[in-house]
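Please read all numbers here as calculations on a predicted model, not as lab measurements. Residue numbers start from 1 in every chain, and the chains themselves are labelled A, B, ... in the order their sequence lines are given, proteins ahead of strands.
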Amino acid sequence: MAPIPKEEHILATTSACPGCSSSLSLRYILKASGPDTVLVIPASCTSVIQGMYPHTAVQVPVYNIAFAAAASCASGMSAALRRAGRGTRVIVYAGDGGTVDIGLQALSGALERETDFLYICFDNEAYGNTGMQRSGSTPLGALTTTTPAGKVHPKKEIDRIVEAHHPPYQATAVSAFPVDLYRKVEKALTFRGPSFIHLLGPCPTGWRFPHGKTIEVGRMAVKTGAWILWERVHGVLAVSAPSKGPLKNPVPLQDYLGMQGRFRGIPPSLVERLQGEIDLRRAEVLREAGEA
Amino acid sequence: MAPIPKEEHILATTSACPGCSSSLSLRYILKASGPDTVLVIPASCTSVIQGMYPHTAVQVPVYNIAFAAAASCASGMSAALRRAGRGTRVIVYAGDGGTVDIGLQALSGALERETDFLYICFDNEAYGNTGMQRSGSTPLGALTTTTPAGKVHPKKEIDRIVEAHHPPYQATAVSAFPVDLYRKVEKALTFRGPSFIHLLGPCPTGWRFPHGKTIEVGRMAVKTGAWILWERVHGVLAVSAPSKGPLKNPVPLQDYLGMQGRFRGIPPSLVERLQGEIDLRRAEVLREAGEA
Amino acid sequence: MTKKRERLAVSRPKKGASGKTGGWRTFRPVIDPEQCNKCGLCSLYCPEGVISEDLEIDLDFCKGCGICAEECPKKAIRMEREER
Amino acid sequence: MTKKRERLAVSRPKKGASGKTGGWRTFRPVIDPEQCNKCGLCSLYCPEGVISEDLEIDLDFCKGCGICAEECPKKAIRMEREER
Amino acid sequence: MFEIRIHSRGGQGGVTAARLIALAAFRDGKHATATPFYGAERRGAPIIAFARIDEDPIRIYSQVQNPDLVVVLDRTLVPVVKVLKGLKPHGAVLVNSGHAVTLDHQRVHHVDLTGIALAEDLVIAGEPVLDTPVLGAIARLGVISLESATKAIAEMFQDPRNVTAAERAYRELVL
Amino acid sequence: MFEIRIHSRGGQGGVTAARLIALAAFRDGKHATATPFYGAERRGAPIIAFARIDEDPIRIYSQVQNPDLVVVLDRTLVPVVKVLKGLKPHGAVLVNSGHAVTLDHQRVHHVDLTGIALAEDLVIAGEPVLDTPVLGAIARLGVISLESATKAIAEMFQDPRNVTAAERAYRELVL
Amino acid sequence: MKIIATGNYAVAEAVKQAAPWVIAAYPITPQTEIVERIAQFVTRGELACDYIPVESEHSAMAACIGASAAGVRTFTATSSQGLLYMHELLHWAAGARLPVVMANVNRAVGPPWNVWADHTDALSQRDTGWLQVYAATAQEAYDTTLMAFRIAEDERVLLPVMVNLDGFLLSHTMQDLATLEPGSFIPPLHLPHAIDTAHPAAYAPLTGPKDYYRFRWEMERSMRDAKRVIAETEEDFAARFGRRYGMTTEYRCEDADVLVIAMGTLAKEAEVAVDRLREEGTRAGVLRIRWFRPFPKLDLAGREVVVIDRDYSFGFGGVLAHSLCSTARAEPYSVIAGLGGQEVTHGDIASFVRDRRPGEEHWFGVKADV
Amino acid sequence: MKIIATGNYAVAEAVKQAAPWVIAAYPITPQTEIVERIAQFVTRGELACDYIPVESEHSAMAACIGASAAGVRTFTATSSQGLLYMHELLHWAAGARLPVVMANVNRAVGPPWNVWADHTDALSQRDTGWLQVYAATAQEAYDTTLMAFRIAEDERVLLPVMVNLDGFLLSHTMQDLATLEPGSFIPPLHLPHAIDTAHPAAYAPLTGPKDYYRFRWEMERSMRDAKRVIAETEEDFAARFGRRYGMTTEYRCEDADVLVIAMGTLAKEAEVAVDRLREEGTRAGVLRIRWFRPFPKLDLAGREVVVIDRDYSFGFGGVLAHSLCSTARAEPYSVIAGLGGQEVTHGDIASFVRDRRPGEEHWFGVKADV
Ligand SMILES: Cc1ncc(C[n+]2csc(CCOP(=O)(O)OP(=O)(O)O)c2C)c(N)n1
Ligand SMILES: Cc1ncc(C[n+]2csc(CCOP(=O)(O)OP(=O)(O)O)c2C)c(N)n1
Ligand code: SF4
Ligand code: SF4
Ligand code: SF4
Ligand code: SF4
Ligand code: SF4
Ligand code: SF4
Ligand SMILES: [Mg+2]
Ligand SMILES: [Mg+2]
């Protein structure tokens, strides 16, 4: 495998919170896609962390667009670029709210009509930009400003929804494994048609952990199996290296929840339910990957 | 099982095309739900076939609403009725376009937040009300006014998308088996929370077959396995009676396609591809139902 | 007495809300009582619900779609050209 | 020469686009070269990309998040309170 | 200006008939417009369409008030809709019917367009197509030339049976 | 009218500080307003907030032009932002700093709010909380009463360490 | 109770008093605090209502429509892009004659992104059939929100009401607030056309050209009746609680030769400008437009007028200025100022008055030679 | 070529001539034929373009925005609810300075459902920064669509253009149409701010109060410049193809004492009314407003004016009438007619003129005592 390019396409630096995993992820995503890339950004933390007029930290074109419109905007842009004979990569980098809630319809449409683009959902499991309200992607039990007693609905399964559209390439990632992320973006971009990467993005501000712990929290998500790293190429699932061990020998979920203020006070029964769901998911993935 | 009530809640008659399977389906849906029901109807054939101001053929309240808004409107309505202590059934009866395309986001949201309602997607596989343009639910290869050479993208798998939201009850139906439809509506309404019925609706006008053939076309969809009747209760799939035989011994897909003008001229390679996909789906269903 | 103010468009249920849709049939179904076995399938499948339990067809609203004729297991229904 | 007409808001890439974000750290990372084994993990994980290959930290833009210190396998990075 | 009003049901082709009239008139070297008045495109609902023919450009978009010719593609509309409304005293009525129709008007003509369509097997989704045959009958009434009528039909439809049907209606019209 | 401008960074509590001032002044029986000027709620960006205190209802919504008091919660802003802009000649400056700060102005006071916050373990997501301690320092300057200041803090925060920190800042302010 | 609150908190408090049964809302800066506060009230059991966490504003309004149609009181709040995303359903709620109450925190519309005060968001919804009112203080936001429920739900009105407050300037400014125990101020909602399975009907069916216009006229008729209902409601409110607002509020207008006309906080700031202008010898006054829909009938005869628009209709002009032109035959000096939170001080307003050029339009901050 | 075509087909033919590279559209009555025709052209290879079958109008406009931002020509078409559902992105396309061209087939907005002609859909988008033009014949729809591309793409404009045609009345009426081989009439698109990975930039970033208003002013400035560009384009079109339209078109206005002012087909129908009125001895004329944004500067001095609005802004009045009031100081007889396809004949229009009551508003068909 070729080494990761030294070149940075994010100039020091974004205006993200200290320890933001989005800042970190963007570095590796752009390393993988290179300078002939357009980022399409719906309303999200990224609208802000790119920098305010008249300057930006991002060294590729950034097309900011209304909250619900990222995937459809990218559809048009990709079609135009291809017709103009250009191979420019079109990457949507959207938040979880912009993906599983208000942006879902546009995403589904773009997948259905086989838009040639990469859609990355940066999932910090809440509406970060507006101060951490619940999103469809917020996990059961998590405290947000609109679920002050913990969320009562489970996290929406966007991966299954996307899977139902059969994109040629689909993967999960987390900022704590930037090399894995890099390789997945690189690979996604080799496919013609839509690819989708669901990127878990630990958020010190919203998840309420010290900003030095961003990597550790992400790693713990993988260790507990709360987040499983995999890729699905033309429908065939393969577990990614960092998740192989944890899938067989996960650490208890509480080790992950306990690191985060947003799960403070979560009742043991809920932890058990969450743990149960994770165990199920793990078994499913193992079965599907033919490793059970 | 109790007999199907004699009482009709559709007065003779809707302004639907002769032989319309929606007209037929509505009869049995309302027989199952009874008079304490509200139908929420987004823009669709049903907006028109209910009758024009100042008269309607429908004997329960019909709440007409903008195209993209059926599920969310029903969310609010259901919440209000429950808070007012009323058990009135809230049934969304939407077209495929209003479900898999422009209404998908609202549907996903309503499912996620566990709205207490029944959502029925009447799937005539195109935008019927505006004269048969392609929808996400139009099958690969079908002629519509916007796919004059046949659709190039496969039918969106709304059932898988809905399944990813884990509603307590989910089922498929087709107007050709009105008793099966009736039982499913009846059962769906016993669950608290969201249920979803995907109703295939042969459409003589759009599919281009003689209007006397509506039942036969629907039956042939089942016989070929192009349409599989099943229900999923709390995640557990069971094949419905009419599909049991065909799942094991289906007739060739061409017998179904050949009845319909919209598949005229479809190349044999495409028929093969469609047949292949159906065979896969059949195998999947059999496996999941534990009957493989 | 003044008519109640109609603030918004609201339709009321009415038989024949869409007119006598039966008027524009090209063919009309005719049941042959000789052949009929009273299975009721025609009534089950009639989209307009215009075949009563005792197999009377309400010709004001029958649209002449022919489903009943197609589905009758005894071929007891004939579609006759409307003479106008 | 007149300035080119700015029809719409367009930002240009610039180092320090968001200001010297390093200015408002509470703690600053200090690498102890004695303990460091040059594994480069701190640089890999630094969200701001301000640790160069030869392990220089650009303190103008380091936000003092402490990830480098947390992730250093040799515990070679100390977070020191900024004195102001 | 010569004004035509066509009464039909959704799916019977009244709108297309009006368009064919306009096209034929245009091929005759006149100015012409064809305007449908219909709503949602459901089969069976009563529909009106208008055609206007004139030497000068036509500026009127509102409905024809006083037609020179009324065409009734569906006899069952007669008791439901006021088909004679506004008809000029010397205007004509053309009814799709196999036999003479009694209407409170002098010039009433009939022709069995449905029969012609069925005979020519011009049927879509079980319904006979009336829009092309009627053009022949209208040509017979002298509103457009038969030549332009068949030309117009050929421009809009590939199936030659449409022209045959029109010619048959031209012949079979009972004046 | 007494006008205050607070300079801080997103996440340091400048906006809350202004609100606490207004609340305390209100508890002192005055009219008061607190207005933030900030954008997207990202940590680290320079933020301004204003507070106004008066005997009469306050009708001004625009930014404070000529503050009577400038509060600088983040010393690193001094080279970046014109903190003295418009300051009244006899106005005061309060800087969060452990040692004296040289500014081109007469009345400059300092107190190590960050130190106090860290010592009291008032830290959120790794960042020291400054909004409650600063209230003590402002009370010390006579803008609000200490009693109302602690009352305001207690109304808005449950953790008693906030009051402790404010009292400590009251004592430790270097005049 | 006397508390101190931002405009957002004031709205949330008013909503708590009005006690809607269904609230559906989606967060957006600078409205978020309203939503968050309400979520808190509901969680703590202070407000017995279904708070529906929708996935978009289009769905927020749809849910309010569905709930309101069932006959229960509803509320939502939004701002800027969120309001624009609802647009189709704003028309719908009004046409369906549903008394939904919404707080809109005025913010600029993109692109580019800008989260600060601007009235273009709300004003570009002025044809949707909603009543619109603009508040200028937290107290007014509170009082007006309460009155909005009563006005919307009045049988003579039955149209939705949008209560506007300037983003940040009002939504985030803390001020004194007296909350009420309004008791019977808002009577229980009785929606005559609530869905009722005992009396089935189809709502909003396909309606032909012969009938449609009549229902449009009904909307307009109710808008006209709303003026009376507003007056009565404001009167009753003043009688009970001592605070009086009106379709417009006046400040030193009686003897004024020149009027500053504006909406929201700018008009409040203008009072300070007027005080200063009077000191200079200019007899100025402030006419603050509160209710923008229905639009008030004003008599401006014999006065000069300076209109400040925090909005713009491209290819035309300031919406407020033109509305006044066409209804009150004014020839105003039209100032476009405060867009996207542009800073406008009382000093600036005073200079608008000093430099007024009747009949002309002036973009504050734009240099002629740009 | 001389053919016969509906307004919809005329638009589709013009689009074929203009040859955009990306078209994204969603069907809606009465616009569907445009979409279906274009799909046919593309399938048959008569138009080399990506036709993106989007899942909603919001996405249609988003796709046009994305494609246009990449520097290629784009087109979409919609109507009524579809237009309303795009609303947020109408603002976006204009603010992003993208020369998208859209055909809007004017139709009433719900509820209740009504699919017939009404201008409220388009007029309630008049603040979005789009140029708006209303055609009255199929030929004009064709010619104007072609001109729209050139005007939108002119460097002095770079704003989107909406071409409006009355639902059914124009969209479905077949008329004569002369299509062109326009050759160089529309120069190739050169978008100065097209995204370019060789010159990276962030578009529409968060922009503070100090800067935002400047970009709003730029939009207005281009709207003003657009008047010149429209004039030039129409002039060039007339010179080449012999058909002349203008910001407004006049019929027998020279010596008229009373003007009927309207848009779209109603204004065409009014010509017949005027002929009749002249026969009766009334010196009437028709002033047809074509370009509604930018709004034309008119001199109506000394004439009586009857304005017909096929639209309404509730709680205010007819949009066209008020626009004329405020810009041309007219005191019109404001007639609200044709809503939701309400039938309005030349006879009706003549009687509006005969019964005119300057300064008053009249709802056609509404009985005073209702
Ligand atoms: C139509 C619309 N509604 C609401 C908003 C306000 N808004 C901007 S960003 C955001 C939250 C974004 O959340 P997410 O997509 O998860 O991205 P994150 O900020 O967490 O990165 C919201 C609610 C908006 N800009 N537009
Ligand atoms: C926002 C919006 N876009 C488009 C339309 C036009 N429209 C009405 S119904 C319809 C098609 C409905 O298709 P489907 O949902 O499949 O229902 P069907 O008519 O086939 O029953 C369309 C495109 C609309 N009413 N609103
Ligand atoms: S809120 Fe979270 S995701 Fe957003 S910038 Fe801050 S740390 Fe990053
Ligand atoms: S178009 Fe199809 S679904 Fe619609 S009414 Fe006709 S037959 Fe039924
Ligand atoms: S389906 Fe045939 S046999 Fe059965 S009841 Fe009907 S007519 Fe008789
Ligand atoms: S022809 Fe159709 S409508 Fe008539 S009775 Fe038979 S099934 Fe029913
Ligand atoms: S403290 Fe954070 S920003 Fe600074 S060098 Fe370490 S990882 Fe990078
Ligand atoms: S992580 Fe630690 S050991 Fe590795 S290079 Fe950095 S400072 Fe040295
Ligand atoms: Mg998020
Ligand atoms: Mg459909």
- Taking all atoms of both residues into account, what is the closest heavy-atom pair of B/Thr214 and B/Gly19, and its distance?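 So the minimum-distance heavy-atom pair works out to OG1-O, 2.6 Å.
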What part of [X] gets closer than 4.5 Å to chain G, counting heavy atoms only: side chain, backbone, both or neither?
{"X": "B/Ser108", "answer": "neither"}
{"X": "B/Arg82", "answer": "neither"}
{"X": "B/Arg113", "answer": "side chain"}
{"X": "B/Gln50", "answer": "side chain"}
{"X": "B/Ala66", "answer": "both"}

- Task: Check each atom of G/Ala24 against the heavy atoms of chain B and say whether the ones under 4.5 Å are side chain, backbone, both or neither.
- Result: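 For G/Ala24, no heavy atom lies under 4.5 Å from chain B.
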- Message: Given heavy-atom pairs under 4.5 angstrom as the criterion, report whether the side chain, backbone, both or neither of G/Leu89 touches chain B.
- Response: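 Side chain only.
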- Interatomic distance, G/Arg107 atom CZ to G/Leu165 atom CG [nearest 0.5 angstrom]: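 It is 14.0 Å, given to the nearest 0.5 Å.
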- Message: Enumerate the salt bridge (Lys or Arg N to Asp or Glu O under 4.0 Å) contacts for residues 32-54 of chain B, please, sequence neighbours excluded, ordered by first and then second residue.
- Response: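 Every candidate salt bridge (Lys or Arg N to Asp or Glu O under 4.0 Å) pair involving residues 32-54 of chain B fails, so no pair, neighbours aside, qualifies.
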- Message: I want to know whether B/His234 and B/Phe191 have ring centres closer than 6.0 Å.
- Response: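 Centroid distance B/His234-B/Phe191: below 6.0 Å, so yes.
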- Message: Are B/Tyr53 and G/Phe215, when compared by the centres of their aromatic rings, separated by less than 6.0 Å?
- Response: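 They qualify: ring centres under 6.0 Å apart.
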